[in-house]
Amino acid sequence: MAVSNGSSVSKEKSSDLSDELPTINAENMQSNMKVIYYCRTFMSIIGGVIAGILGFTGLMGFIFYFVVMALTSIGIAAKAGFSVHSYFDSWNRIVLDGFLGGLMVYNSSLLYSFALAVMLYCVSF
């Protein structure tokens with residue numbers, strides 16, 4: 001009898017361990033990472049255009065970029081219901097992935113929109 005009780009206890013323990021281990025589908029993880037990349041790229045373009053129109057250059061432009069990326073990270077986490085481990089393997093995926101790539105897109109859109117704003121301003125006078 002001790003053997004059967006021990007085996008049932010070990011079966012309960014093994015089922016508890018399988019419930020605790022997270023299972024991650026690689027295809028879903030890849031799809032979620034694409035969504036993060038697209039969101040960061042889109043927000044970098046929008047943020048760059050807004051910063052260019054408002055004339056945020058230099059340090060103020062970089063601060064504005066960090067604020068836009070922080071708001072993007074909060075928005076992605078809120079969309080995931082703040083249960084990040086259900087959709088991603090770590091918080092770093094939401095906070096850091098696509099950060100530097102977004103900076104290049106932001107800088108390009110800032111320069112184009114700033115130049116366009118300056119040209120339109122000069123033409124109007």
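No hydrogens, no waters, no symmetry mates; every other heavy atom, side chains included, goes into these values.
At a threshold of 4.5 Å between non-hydrogen side-chain atoms, the residues F64 and I50 count as touching. In this structure, F88 and M33 have side chains that are in contact, with non-hydrogen atoms separated by less than 4.5 Å. Side-chain contact between I94 and Y87 is absent, with no heavy-atom pair separated by less than 4.5 Å. Annotation: side chain of Y38 is in contact with side chain of K34 (closest heavy-atom distance under 4.5 Å). Between S44 and L103, the closest side-chain pair of non-hydrogen atoms is not below 4.5 Å.
Grouping the Ile, Leu, Val, Met, Phe, Trp and Tyr side chains by contacts below 4.5 angstrom, directly or via other members, places Y106 with I46. Put simply, I45 and F62 are part of two different groups of oily side chains (I, L, V, M, F, W, Y) that touch within less than 4.5 Å, one to the next. Cluster annotation: V105 and V68 are assigned to distinct hydrophobic clusters (Ile/Leu/Val/Met/Phe/Trp/Tyr, side-chain heavy-atom contacts under 4.5 Å, transitive). A continuous path of hydrophobic side-chain contacts links L111 to F42 [ILVMFWY only; heavy atoms under 4.5 Å]. There is a path of hydrophobic side-chain contacts, each under 4.5 Å, that joins M60 to F66.
Here the CG atom belonging to L116 is positioned 12.5 Å from the OG atom belonging to S109, to the nearest 0.5 angstrom. Atom CG in N107 sits 10.0 Å away from atom OH in Y112 (nearest 0.5 Å). Going from atom OG1 of T41 over to atom CD1 of I36 covers 11.5 Å, rounded to the nearest 0.5 Å. Residue W91 holds its CH2 atom at 7.0 Å from CZ of F82, rounded to the nearest 0.5 Å.
Across every non-hydrogen atom of R40 and V95, the tightest pair is NH2-O, 3.1 Å. Nearest heavy atom pair, residue C39 against residue I76, reads CB-CD1, 4.2 Å. Nearest heavy-atom pair, I53 versus A117, reported as atom, atom and distance to 0.1 Å: CA-CB, 4.5 Å.
Within the structure, the salt bridge (charged side-chain N to carboxylate O under 4.0 Å, His left out) test picks out the following pairs touching residues 73-89 (sequence neighbours left out): D89-R93.
By the neighbour-count criterion of 12 heavy atoms within 6.0 Å, atom CE of M29 is densely surrounded, having more than that number from other residues, nucleotides or ligands.
Membership of the apolar cluster around F114 extends to V118, as traced through chained side-chain contacts below 4.5 Å between ILVMFWY residues.
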